Visitor: 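Following this message is one structure expressed as structure tokens.
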Amino acid sequence: MPDGTDKPASSPKRSFAAPTGTRDLYPLELARRRWIEDKWRKSAVRHGFEEVDGPTFEHTELYTAKSGDGIVGEIFSTFSGKDEAAVKAMGDALARGEKGAAPYALRPEFTPTLARMFAARGGQFSKPCKWSWQGPCYRAERPQRGRLREFLQWNCDLIGDGSAAADVEVMAVCVGLLESVGLKPADLRLRFNSRRVLGSLVREMGVDAEHESTAFVLLDRRDKLDDDALEAMAFEFGTSDFGFLQFLKRPRGRTGADEALNAMPLDARAKANSLLEPITAVSRELQNAGIAEWCDLDFNVARGLAYYTGTVFELHEASGAMRAVAGGGRYDNLIETFGGPPTPAVGFGMGDVVLSLVLQDKGLMPSDKQIAADLGLRPDVFVISNGQPESDALVGAYLADLRRKGMHARRSYKTTKNVGKLLQDAASCNARYAVIIESATDVTLKDMDANTQDKGPASELLARILPPPR
RNA sequence: GUGGCUAUAGCUCAGUUGGCUAGAGCGCGAGGUUGUGAUCCUUGAGGUCGCGGGUUCGAGUCCCGUUAGCCACCCCA
């Protein structure tokens, strides 16, 4: 365009940073992520969960319907780009000072997708249906320690069984993961509660059904607010019934059933034992499953998501310093809400960000070499020339042959003929064996772990390390 | 969305009360020595000091703005 500017034809260089809250994963970092994904998947498989997957983005209404305001406010809105009418409508709404909603949302969590999937086709599966999933989720939050805008989540859900045993089966796969990465009950605590029990208790204390969910919010924040702030919020929410206020302001720190019951009004306490039955059922099953030592009953756990109906739980670092590693619970109404048959379901989600932090803090993240070995990425053999021209010429043929036979085979790209430096190259990629080509027929086979080697005919020595023929 | 802290090489950091061509270690590349993963020696690449203004004879250094990152609140995996 002859616009008279003398800008050079080549546009100026511009550098881009990754968007806020996202991660660029270079080989070592991706290997660490794969290691976690591998542990997740294996834990799910061991416990009999089958992997499913769904779309990265959904209709926005899928989340506005049931997820609760917390998550809805963090949605990344998405347009198709071809739907100019929708883009314009949102622009107009914003211009009028209204809130606009995009037609699509990047998934902030997977549970609504799973409930939608089950509502659509769940009838064809035998019950209970045990599904696991892992993949990226997106939330437009301000990043900080343990929190990003794009993160990985692992979900395990058990659909079609409303029993306490089902609740505990889901908790058990979560604990199974922790055990598989070397964590101990002293490191992490699984705090559980029941919304149904909590609901009947607060009703006994004078809170009506309409205010039940705001009562849960208050209980969830007990540890973070002082009595005055709690009381102020309670009045604001219209949940200032005397009995409930006393319960809300009971001493902090102790979280078990006895402490909670002692803080309740007498007439409520009288009925409490029968009201507590759902929780005692869970406790029994925790014993049966052998994971009780990981778990604490905690009346402060209510969970933010609006769709939880029964048992709820959160997994926290024992010191309580860090945010939740995982959280979940029972959502018996969600599938019906999405047009399916009334179906009980329970599940949890675990994020990779906090889990990685915990593993690092505890020194449980394996070395990069160990991770590569765990993932089957360790080179089987490293091919080296002894520096003679006839050996140099054979490197490519050896590589091709070994690879064709199923070996992970590598070579050096350095120009040096120094065997020591080439072995250093082999060691730095953690190759299991090194093959030094000595002549047209002979090689030295070096066991890099044992630091032993033999020299002889190639056909004979390589036969030792080749995988058995199928 | 609110607040605090930080910003010099890929990484970890020096850089004096403002003063010559901005440094080190590690890592990366090349070469040498010892036919075997170590050690050692030589050498190279890589930075408009986050970006934009201002003060000054002179700014990596002082001031303002901005962006990004980290941390906390909020919320949550």
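Just so it is clear: chains get the letters A, B, ... in the order the sequence lines come, proteins before strands, and each one is counted from 1. Computed from a predicted structure; not experimentally measured.
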Visitor: Determine the interatomic distance between C1' on B:C51 and the same-named atom on B:G69; round to the nearest Å.
Guide: 14 Å
Visitor: For the P atoms, the ones on B:U48 and on B:A9, what distance do you get once it is rounded to whole angstrom?
Guide: 9 Å
Visitor: With a 4.0 Å cut-off, would you call A:Lys362 and A:Asp187 a salt bridge?
Guide: yes
Visitor: Is A:Lys414 close enough to B:G29 that one of its side-chain N or O atoms is under 4.0 Å from OP1 or OP2 there?
Guide: yes
Visitor: Please report the shortest heavy-atom distance between A:Leu462 and A:Tyr398, naming the atom on each side.
Guide: CD1-CE2, 3.7 Å
Visitor: What nucleic acid atoms does A:Leu148 come within less than 4.0 Å of, heavy atoms only: base, sugar-phosphate, or nothing?
Guide: base
Visitor: Give the rounded distance in Å between these two atoms: NE2 of A:His316 and C1' of B:C76.
Guide: 10 Å
Visitor: What's the CD-P distance between A:Glu29 and B:C11, to the nearest Å?
Guide: 11 Å
Visitor: Looking at the side chain of A:Val419, which of B:A77, B:G35, B:G37 is the nearest nucleotide?
Guide: B:G35
Visitor: Using the C1' atom as the point on both nucleotides, what is the distance between B:G52 and B:U67, in whole Å?
Guide: 10 Å
Visitor: Counting heavy atoms from C-beta on, name the nucleotide in B:A77, B:G3, B:G37 closest to the side chain of A:Arg142.
Guide: B:G3
Visitor: Atom CG of A:Asp24 and atom P of B:G69: how far apart are they, to the nearest Å?
Guide: 11 Å
Visitor: For the side chain of A:Arg145, counting heavy atoms from C-beta on, which of B:A72, B:G35, B:U33 is nearest?
Guide: B:A72
Visitor: Any donor-acceptor pair under 3.5 Å joining the side chain of A:Lys421 to the base of B:G37?
Guide: no
Visitor: Side-chain N or O of A:Gln424 less than 4.0 angstrom from OP1 or OP2 on B:A38?
Guide: yes
Visitor: Starting at OH of A:Tyr307 and ending at C1' of B:C76, how long is that distance when rounded to a whole Å?
Guide: 11 Å
Visitor: Give none if B:C13 has no partner; otherwise give the nucleotide forming a Watson-Crick or G-U wobble pair with it, both distances under 3.5 Å.
Guide: B:G23
Visitor: Of the nucleotides B:G31, B:G35, B:A72, which one has an atom closest to the side chain of A:Ile436?
Guide: B:G35
Visitor: Indicate, yes or no, whether a donor-acceptor pair under 3.5 Å links the base of B:G37 to the side chain of A:Gln453.
Guide: no
Visitor: Rounding to a whole Å, what distance do you find between A:Arg139:CZ and B:C76:P?
Guide: 9 Å
Visitor: If the P atom of B:G27 is compared with that of B:C11, how far apart are they to the nearest Å?
Guide: 16 Å
Visitor: Roughly how far apart, to the nearest Å, are B:G23 and B:C64 at atom P?
Guide: 30 Å
Visitor: In the structure shown, which nucleotide is the Watson-Crick or G-U wobble counterpart of B:G3, with both distances under 3.5 Å?
Guide: B:C71
Visitor: Are any of the side-chain nitrogens in A:Arg410 or A:Asp380 under 4.0 Å away from the carboxylate oxygens of its partner?
Guide: no
Visitor: Across the strands shown, which category fits A:Asn430 at heavy-atom distances under 4.0 angstrom: base, sugar-phosphate, nothing?
Guide: nothing
Visitor: Could you check whether A:Asp425 gets within reach of a base, just the sugar-phosphate, or nothing at all, counting any heavy atom under 4.0 Å?
Guide: nothing
Visitor: So, applying side chain to side chain contact (heavy atoms under 4.5 Å, CB included) with A:Glu74, which one of A:Glu141, A:Arg142, A:Arg149 is it?
Guide: A:Glu141
Visitor: On a plain distance test, is the side chain of A:Glu314 in donor-acceptor contact with the base of B:A77 below 3.5 Å?
Guide: no
Visitor: Measuring only the C1' atom in each nucleotide, how far is B:A45 from B:G35? A whole number of Å is fine.
Guide: 30 Å
Visitor: What is the nucleic acid contact for A:Glu150, judged by heavy atoms within less than 4.0 Å: base, sugar-phosphate only, or nothing?
Guide: nothing
Visitor: Whole-Å distance between B:A77 P and A:Arg191 CZ?
Guide: 13 Å
Visitor: Please report the distance separating the P of B:C74 from the corresponding atom of B:A22, rounded so that it comes out in whole Å.
Guide: 48 Å
Visitor: For A:Thr20 and A:Val353, take the nucleotide of RNA chain B holding the closest heavy atom to each; which residue's nucleotide lies nearer the 5' end?
Guide: A:Thr20
Visitor: For residues A:Phe192 and A:Asp167, determine if any side-chain heavy atom of one lies less than 4.5 Å from a side-chain heavy atom of the other.
Guide: no
Visitor: Checking A:Asn386 side chain against A:Glu438 main chain: does a donor-acceptor pair fall under 3.5 Å?
Guide: yes
Visitor: Counting only side-chain nitrogens and oxygens, does A:Gln144 get under 4.0 Å of the OP1 or OP2 atom of B:A72?
Guide: yes
Visitor: Between atom CZ in A:Arg33 and atom C1' in B:A77, what is the gap in whole Å?
Guide: 14 Å
Visitor: From the list B:C70, B:U33, B:C74, which nucleotide is the closest neighbour of the side chain of A:Arg147?
Guide: B:C74
Visitor: Would you please classify the geometry between the A:Phe313 ring and the A:Phe348 ring as parallel, tilted or perpendicular, with 30° and 60° separating the classes?
Guide: tilted
Visitor: Salt bridge check, A:Arg411 against A:Asp425: does any charged N sit closer than 4.0 Å to a carboxylate O?
Guide: no
Visitor: When the distance from CG of A:Leu423 to P of B:U34 is rounded to whole Å, what number comes out?
Guide: 16 Å
Visitor: Counting any heavy atom closer than 4.0 Å, what does A:Gly146 reach on the DNA or RNA strands: base, sugar-phosphate only, or nothing?
Guide: base
Visitor: In whole angstrom, give me the gap between the P atoms of B:G25 and B:U36.
Guide: 28 Å
Visitor: Taking the side chain of A:Thr416 as its heavy atoms from C-beta onward, which of B:G35, B:G31, B:A72 lies nearest to it?
Guide: B:G31
Visitor: I want to check one thing: is the phosphate of B:U36, taken as OP1 and OP2, less than 4.0 Å away from some side-chain N or O of A:Thr444?
Guide: no
Visitor: More 5' along RNA chain B: A:Ala450 or A:Asn418, using each one's nearest nucleotide?
Guide: A:Asn418
Visitor: What is the pairing partner of B:C51, taking Watson-Crick or G-U wobble pairs with both distances under 3.5 Å in any strand?
Guide: B:G65
